[in-house]
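Below is one structure, written out as structure tokens; comments come after it.
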Amino acid sequence: MRVEDFQHLTRLAAFAPEALEPALCLAVLACFVDEDVARLDEHLRLTNRETDRMRRALAANGGLRPGLNDHDVRACLYRLGRETAVDGVLMAWSRDVSGPDDAAWRALLDAVRAAEVPVFPVRGRDLVALGVPKGPDVGETMRTLEGRWIASDFTESRDSLLALVES
């Protein structure tokens, strides 16, 4: 158990009410690996939502540190969603030696809260309409286009991405 981490987390609640979410509190207090979540679930009979939130926060906290640039923040939001990204920041911050007044952590939390969550503009049906065979070919093409879209800092348009498939 990491009582000190939990105490750090509760101090963040003054400006981050998410810090008091029961699933996040329990994850900070008792979870270091995914198996810890499973054990808690077995003993406490948590809801699926609670265990999912704990697992996502635990997985997210490892890659979230102050100093992320805007692209990395958007990439994090795209992969994780806002709730998980905020939970991950709070979990990572609670396990850091810096206190609740740390400007770098606050800036990261503010950036995660303020940035727009990117939405990939291409759908599988778009590719099928262009003649990409259903099944693995659609998935492979989607991954390629998604990688290009992310590398463009989420600016490449739907039309320009689909033009790559047509050529």
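Just so we're clear, the structure is a prediction, and the values are computed from it rather than from any experiment.
- Both Trp149 and Val122 are members of a single hydrophobic cluster when ILVMFWY side chains are connected at heavy-atom separations under 4.5 Å.
- Using modelled atom types, one side-chain atom of Arg123 and one backbone atom of Phe120 make a donor-acceptor pair closer than 3.5 Å.
- Proximity of Ser94 to Phe6: side-chain heavy atoms (C-beta onward) are nowhere separated by under 4.5 Å.
- Closest heavy-atom contact between Trp93 and Pro100: CZ2-O, 3.5 Å.
- Following chains of ILVMFWY side-chain contacts shorter than 4.5 Å, one cannot reach Leu80 starting from Leu90, and the two form parts of different hydrophobic clusters.
- A salt bridge links Arg49 with Glu83: at least one charged nitrogen is closer than 4.0 Å to a carboxylate oxygen.
- To the nearest 0.5 Å, the span separating CG on Leu145 from CG on Leu162 amounts to 7.0 Å.
- Between Thr47 and Glu50, the side chains place a donor N or O and an acceptor N or O closer than 3.5 Å (distance only, hydrogens not considered).
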Do any side-chain atoms of residues 25-38 form donor-acceptor pairs under 3.5 angstrom with protein atoms, and if so which ones, sequence neighbours left out?
| residue | atom | partner | partner atom | Å |
| --- | --- | --- | --- | --- |
| Asp34 | OD1 | Arg55 | NE | 2.9 |
| Asp34 | OD2 | Arg55 | NE | 3.4 |
| Asp36 | OD1 | Arg39 | NH2 | 2.5 |
| Asp36 | OD2 | Phe32 | N | 2.7 |
| Asp36 | OD2 | Val33 | N | 3.2 |

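- A donor-acceptor contact shorter than 3.5 Å links the side chain of Ser160 to the backbone of Ser157.
- Under a 3.5 Å cut-off, the side chain of Asp5 and the backbone N or O of Arg2 do not form any donor-acceptor pair.
- Checking each of Val73, Ile150, Val119 against Tyr78 for a side chain to side chain contact (heavy atoms under 4.5 Å, CB included) leaves exactly one that passes, namely Ile150.
- Side-chain atoms of Asp153 never come within 3.5 Å of backbone atoms of Thr155 as a donor-acceptor pair (strictly under, hydrogens ignored).
- In this structure a side-chain-to-backbone donor-acceptor pair under 3.5 Å is present from Arg82 to Arg113.
- Side-chain N or O atoms of Glu140 include none that pairs as donor or acceptor with a backbone N or O of Asp137 at under 3.5 Å.
- The CG atom of Asp101 lies 7.5 Å from the CZ atom of Phe15; values are rounded to the nearest 0.5 Å.
- Heavy-atom minimum distance, Leu161 versus Pro121: CD1-CG, 4.0 Å.
- Considering only residues two or more places apart in sequence or on other chains, Ala13 meets the side-chain contact (heavy atoms from CB on, under 4.5 Å) condition with Ala19, Leu20.
- Here the OG1-CG distance, from Thr51 to Leu44, works out to 11.5 Å after rounding to the nearest 0.5 Å.
- With sequence neighbours excluded, no residue forms a side-chain hydrogen bond (donor to acceptor under 3.5 Å, both in side chains) with Arg65.
- Scanning all heavy atoms of the two residues, the minimum distance from Ala57 to Met91 falls at O-SD, 3.6 Å.
- A salt bridge is absent between Arg56 and Asp87: the closest approach of a Lys/Arg side-chain nitrogen to an acidic carboxylate oxygen does not fall below 4.0 angstrom.
- Closest approach of Thr141 to Val132, counting heavy atoms only: OG1-CG1, 4.0 Å.
- A distance of 10.5 Å separates CD of Glu166 from CG of Leu127, quoted to the nearest 0.5 Å.
- When atom types are taken as modelled, the side chain of Ser152 and the backbone of Glu156 share a donor-acceptor pair closer than 3.5 angstrom.
- With values rounded to the nearest 0.5 angstrom, Asp72 atom CG is found 10.0 Å from Leu64 atom CG.
- Contact record, Arg74 with Glu116: CG-O, 4.2 Å, taken as the closest heavy-atom pair.
- A distance of 11.0 Å separates CG in Leu164 from CG in Asp159, rounded to the nearest 0.5 Å.
- In this structure, the side chains of Arg95 and His8 stay at 4.5 Å or more apart for every pair of heavy atoms.
- The two atoms that bring Met54 and Leu46 nearest to each other are SD-CD1, 3.8 Å, heavy atoms only.
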